[in-house]
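Each remark here refers to the structure printed beneath this line.
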2 protein chains.
Amino acid sequence: MRMSEGVEWAIHSCLNLTWLEPGEAVPAARLAAFYELPAAYLNKQLQALARAGILASTPGPRGGFRLARRPEDITLMDVVAAIEGPEEAFRCEEVLRRGPGEHEGVDYRRRCLVSQSMRRAELAWRRELAGQTLAGLRDSVERRSPSAPAETRAWFAALRT
Amino acid sequence: MRMSEGVEWAIHSCLNLTWLEPGEAVPAARLAAFYELPAAYLNKQLQALARAGILASTPGPRGGFRLARRPEDITLMDVVAAIEGPEEAFRCEEVLRRGPGEHEGVDYRRRCLVSQSMRRAELAWRRELAGQTLAGLRDSVERRSPSAPAETRAWFAALRT
DNA sequence: GCTACAGTACTCGGATAGATCATGTCCGAGTGGCCAAGG
DNA sequence: CCTTGGCCACTCGGACATGATCTATCCGAGTACTGTAGC
């Protein structure tokens, strides 16, 4: 069970976008350069975020990606779900159905106690992620490094490097 | 992020093993037949459980697998870790290290707030899994289906089917 | 000087290869049981 | 009848194919800017 590398990139990139002027768009290539990431592949992840309604994209010169809604309304769960997909990590394949006994019309995804336990654990994980917003994360970073917003904004404003 | 199919098989198989006579071993093929699973592949998963010290294995006739310790001392976390490996789902690759700024001797796996948030969520998941023992699960099943232990034991005792 | 227009550079978006891991299968090493032969 | 030795069947364990998914890359469609020509 390995989470995609793109999740880390996506969260950090979204965080950087929170520090830009409202309405300002940044090309994927520039976001990638910030962390020296492969541009085309990061672009792919950003597309997924755009499809999920987290980012908004504009093509052409002066185009790029920007947050589609307020950082207060974007949770880590949203970002993870956009990259990894909405399905759960533990997939109950209902092995009980193939075991001995009667199985007519029984939904083992709900009835099976093993499935319930696994689901409960995963729910705790999701709840924790859903409790963290991009705004909260941004504020925490700013408390630790008050210069981060200005520095990041300056870096993206600069033409090179 | 998809969990291995083997996790579901492993938990159900361990559960079945809790209902056997103490010290009685069951071949992988027989455990697989219970849920109509591919025997050789289930065998592979059971080997992982044996390496993790959850099951004990004996080769030769009358051999097979049995629980290596009491069901009270086996958690779902143990089983999942045995199959999926001990590493975390979210791997912090420390992208911050490649970003602008100073990075000498900084452990971003601990310092990065993104990494911390993801880690906290995953910890909630692990804690939930670690709170569920095989014994607890077994008792829940027995409360719902009091005949389960006897039926399961009888099925494994029967020579065919 | 102002406007219209064509060319150009830039960006996303999806389609296309390669690498890595999960899935599934197979055969060999070792062990215990069984059977027969001998005492 | 009891013991002993060899044979055989059974089981795990790891090595070997196969397929799906993650990773990485490339090129085309569309857009906004820019520079120029005409009025």
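Please read these numbers as outputs of a predicted model, since none were measured by experiment.
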Just checking, is any N or O donor in the side chain of B:E128 or A:W125 under 3.5 Å from an acceptor N or O on the other one? no
Testing the basics here: between A:W155 and A:R30, what is the closest heavy-atom pair and its distance to 0.1 Å? O-NH2, 3.0 Å
Identify which nucleotide among D:dC22, D:dC16, D:dG13 has an atom closest to any side-chain atom of B:K44, counting heavy atoms from C-beta outward. D:dC16
d(CD, B:E5; P, C:dT25) in whole Å: 13 Å
With the threshold set at 4.0 Å, does a side-chain nitrogen-carboxylate oxygen contact exist between A:R66 and A:E24? no
By nearest heavy atom, map A:A39 and B:N43 onto DNA chain D; which one lands nearer the 5' end? B:N43
Between A:D78 and A:R69, does any NZ, NE, NH1 or NH2 come within less than 4.0 Å of an OD or OE carboxylate oxygen? yes
What are the residues of residues 45-55 of chain A, sorted by number, that bring a heavy atom to within less than 4.0 Å of DNA chain C? A:Q47, A:R51
Return the 5'-most residue of the pair A:M1, A:A29 with respect to DNA chain C, ranking by each residue's nearest nucleotide. A:A29
Taking C:dC12, C:dG24, D:dT23 as options, the one with an atom nearest any side-chain atom of B:P38 is C:dG24
Return no unless some side-chain N or O of B:S4 is found under 4.0 Å from OP1 or OP2 of C:dT23. yes
Hey, is the side chain of A:S57 poking within less than 4.0 Å of OP1 or OP2 on C:dG13, counting only N and O atoms? yes
Using a 4.0 Å heavy-atom cut-off, does B:R91 contact any base of the nucleic acid, only the sugar-phosphate backbone, or nothing at all? sugar-phosphate
From the candidates C:dT25, D:dT23, D:dC33, the one with an atom nearest any side-chain atom of A:R62 is D:dC33
Using atom names, set out every protein N or O paired with an N or O of nucleotides 3-9 of chain D below 3.5 Å, distance rounded to 0.1 Å.
none

B:R30 CZ to D:dT11 C1', in whole Å, measures 15 Å
Quick note, A:P27 side chain, CB onward, closest among D:dT25, C:dT11, D:dA20 is C:dT11
Would you classify A:A28 as touching base, sugar-phosphate or nothing, given that sugar-phosphate means primed atoms plus P, OP1 and OP2, and contacts are heavy atoms under 4.0 Å? sugar-phosphate
Selected nucleotide, minimal atom distance to A:P59 side chain, candidates C:dC21, D:dC12, C:dT11: C:dT11
